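Structure first, then comments.
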There are 2 protein chains.
Amino acid sequence: MSGAEAAELPIYRARIQPEWIDYNGHLRDAYYLLVASYAIDDLMDYLGLDAAYRADTHCTLYSLEMHVHFLNEVKAADDLKVITSILDFDRKRIHAGCTFVCSRLATPAASVDMMLMHVRQGAKPAGATFPDAVTAKLNALKLSAAARDAFGPLSRQIALKPR
Amino acid sequence: MSGAEAAELPIYRARIQPEWIDYNGHLRDAYYLLVASYAIDDLMDYLGLDAAYRADTHCTLYSLEMHVHFLNEVKAADDLKVITSILDFDRKRIHAGCTFVCSRLATPAASVDMMLMHVRQGAKPAGATFPDAVTAKLNALKLSAAARDAFGPLSRQIALKPR
C-alpha cells in the first residue's frame, strides 16, 4: 500500500479511562468495542454520514454483527489507536475492520470486524441505498484483495473443536 | 429443560444508563457487550471464580473472542436481562452464550457467544486447569445438545457473500 493510500485510512486515537480497567488489571473486554464504536463514528463523519446528514435524511448506520479477537492485554498506561478498514461493501452494507495498535506491542492488541447497514429510521426502519458520494468514498477506501487477505484474524465460528 | 435446570441459568439484570444511548436513539452497540461482560462477572461469582478466588490463586478468566448479533433495537426505557448459558467447556476454556431479553420484545434483542480462558496471571500469563469444583458446576450448567442447537444465532464468519 502506498503512503498516500495509508494516509487515507481513518485512525482513531483512544484515551483509556481509569474506569475501563477491570479486576484483571487491563482494559475490560467491552471497552475495546466502545473504542471500535467511536472509531466507526469517525468513519461515518469521514464518509459524510455525519450528524447533519443524519438529521437531513433520517439515515444512519446500524450495527448488525461484530466479532472481536483479543490478542494482547492493554493496560491503563497504554496508548491505543484504531485503524479502520473497509473490507467490503455493497449498496446498503459495509463490512468494516478495526485493528488495535499499542506502541508498546509488536503485534496488534485486538482485531474487530463488523457488518454495518445503512438504515432509514422511522416507524419501521429499513435498509437504504448509499448516496453516490458515499459509495465513491467507500470505493476509494476499500482494501485491495491482498490487504484484505492480510487483515485479521477475521470473524469465525467460535467453538472448542472445529466441526 | 426442567424448571429446576432453568432456574440454575444465571440471569443478569442491566440498568440502562442514559449515556449508553447513542445518536440513533438506542443502546450503543458496545454497551450490549458491557452488559454481557457484567453478566460474565456474575457467572464467575456463581462458578466460584470470584474476587477471593482470584486473590488466592492469581487465576481469572480472560476473554479470547466475542461475537454479537444485534437483533432488535433497545431503547432507554427498556428493561434488559441477560441469560448466560454454558455452551461447552474443556479443562481451561468456556464457550459461553448470552441471550438478551427485553419484556417489550417477542424475540431476543441480541445474542452473544464468546470463548473465555482460565488464566494464571503473572509475568507470563498462562492457561490454567479449572479446579474440580468449578468443573462440576460447569458440568451442571452445560446446555443439553438440544438446548445448544436452539441457542443463537451463533458466531460465524461475517461477509457480504458466502465464500
Side-chain angles (χ1 to χ4, degrees), chain A residues 20 22-38 40-41 44 50-51 54-55 58 60-71 73 87-97 110-117 119 121 125 153-161, chain B residues 20 22-26 28-38 40-41 44 50-51 54-55 58-71 73 87-97 110-117 119 121 125 153-161:
Chain A
W20 294 0
D22 70 7
Y23 45 77
N24 289 344
H26 42 72
L27 187 61
R28 182 184 276 271
D29 47 15
Y31 288 110
Y32 287 76
L33 280 305
L34 186 60
V35 170
S37 189
Y38 290 149
I40 296 301
D41 287 356
M44 289 175 73
D50 54 10
R54 296 194 295 266
H58 305 288
T60 185
L61 292 185
Y62 275 23
S63 298
L64 301 182
E65 249 176 288
M66 296 173 91
H67 188 117
V68 53
H69 289 264
F70 301 98
L71 304 172
E73 302 170 62
L87 301 172
D88 202 0
F89 69 96
D90 67 9
R91 292 189 315 127
K92 299 178 181 178
R93 289 177 298 173
I94 300 172
H95 183 196
S111 174
V112 172
D113 71 309
M114 65 188 90
M115 190 67 80
L116 306 166
M117 179 175 265
V119 168
Q121 292 193 294
L154 280 165
S155 49
R156 61 177 179 178
Q157 186 177 3
I158 296 171
L160 282 171
K161 303 162 204 80
Chain B
W20 294 0
D22 68 7
Y23 46 76
N24 289 342
H26 41 72
R28 182 185 276 269
D29 47 15
Y31 287 110
Y32 287 76
L33 280 304
L34 186 61
V35 169
S37 189
Y38 290 148
I40 296 300
D41 287 355
M44 289 176 72
D50 54 11
R54 297 193 295 265
H58 304 290
C59 289
T60 185
L61 292 185
Y62 275 24
S63 298
L64 302 183
E65 249 177 288
M66 297 174 89
H67 188 118
V68 53
H69 290 264
F70 301 98
L71 304 172
E73 300 171 62
L87 300 172
D88 203 359
F89 68 96
D90 66 10
R91 292 188 315 125
K92 300 179 179 177
R93 290 177 299 174
I94 300 172
H95 184 196
S111 175
V112 172
D113 71 310
M114 67 188 88
M115 190 66 80
L116 306 166
M117 180 174 266
V119 168
Q121 293 193 294
L154 280 165
S155 49
R156 60 177 179 176
Q157 187 178 3
I158 296 171
L160 282 171
K161 302 162 206 80

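Keep in mind it's a predicted model, so treat the numbers as computed, not measured. In what follows, chains carry the letters A, B, and so on, assigned in the order in which the sequence lines appear, proteins first and then strands, with residues in each chain numbered from 1.
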Verify side chain to side chain contact (heavy atoms under 4.5 Å, CB included) between B:Met115 and A:Phe70, making sure each step is shown before the conclusion. CA-CA 10 Å; B:Met115 190 66 80; A:Phe70 301 98; over 6 Å; no
Donor-acceptor check, side chain of A:Ser63 to backbone of B:Asp29, threshold 3.5 angstrom: yes or no? no
Under 4.5 Å to a heavy atom of chain A? For B:Met117 that would be neither
Can you tell which of A:Pro125, A:Ser37, A:Pro153 has the highest number of heavy-atom pairs within less than 4.5 Å of chain B? A:Ser37
Going through the distances and angles, do A:Asp90 and B:Lys161 end up as a side chain to side chain contact (heavy atoms under 4.5 Å, CB included)? CA-CA 10 Å; A:Asp90 67 9; B:Lys161 302 162 206 80; 5.9 Å; no
Per-residue contact mode, A:Leu64 against chain B (heavy atom under 4.5 angstrom): backbone
Heavy-atom closest pair, residues B:Asp41 and A:Tyr23: OD1-OH, 2.6 Å
With a 4.5 angstrom heavy-atom cut-off, could you sort out which part of B:Tyr31 is near chain A: side chain, backbone, both or neither? side chain
Taking B:Arg156 as the fixed residue, which of A:Glu65, A:His67, A:Arg156 is the one that meets the side chain to side chain contact (heavy atoms under 4.5 Å, CB included) rule? A:Glu65
How long is the gap from CZ on B:Arg91 to CG on A:Leu160, to the nearest 0.5 Å? 12.0 Å
Expected output: side-chain B:Ser155 to main-chain A:Ile158 donor-acceptor under 3.5 Å: yes
Between B:Val119, B:Asn24, B:Leu33, B:Leu61, which residue shows the highest count of heavy-atom pairs closer than 4.5 Å to chain A? B:Asn24
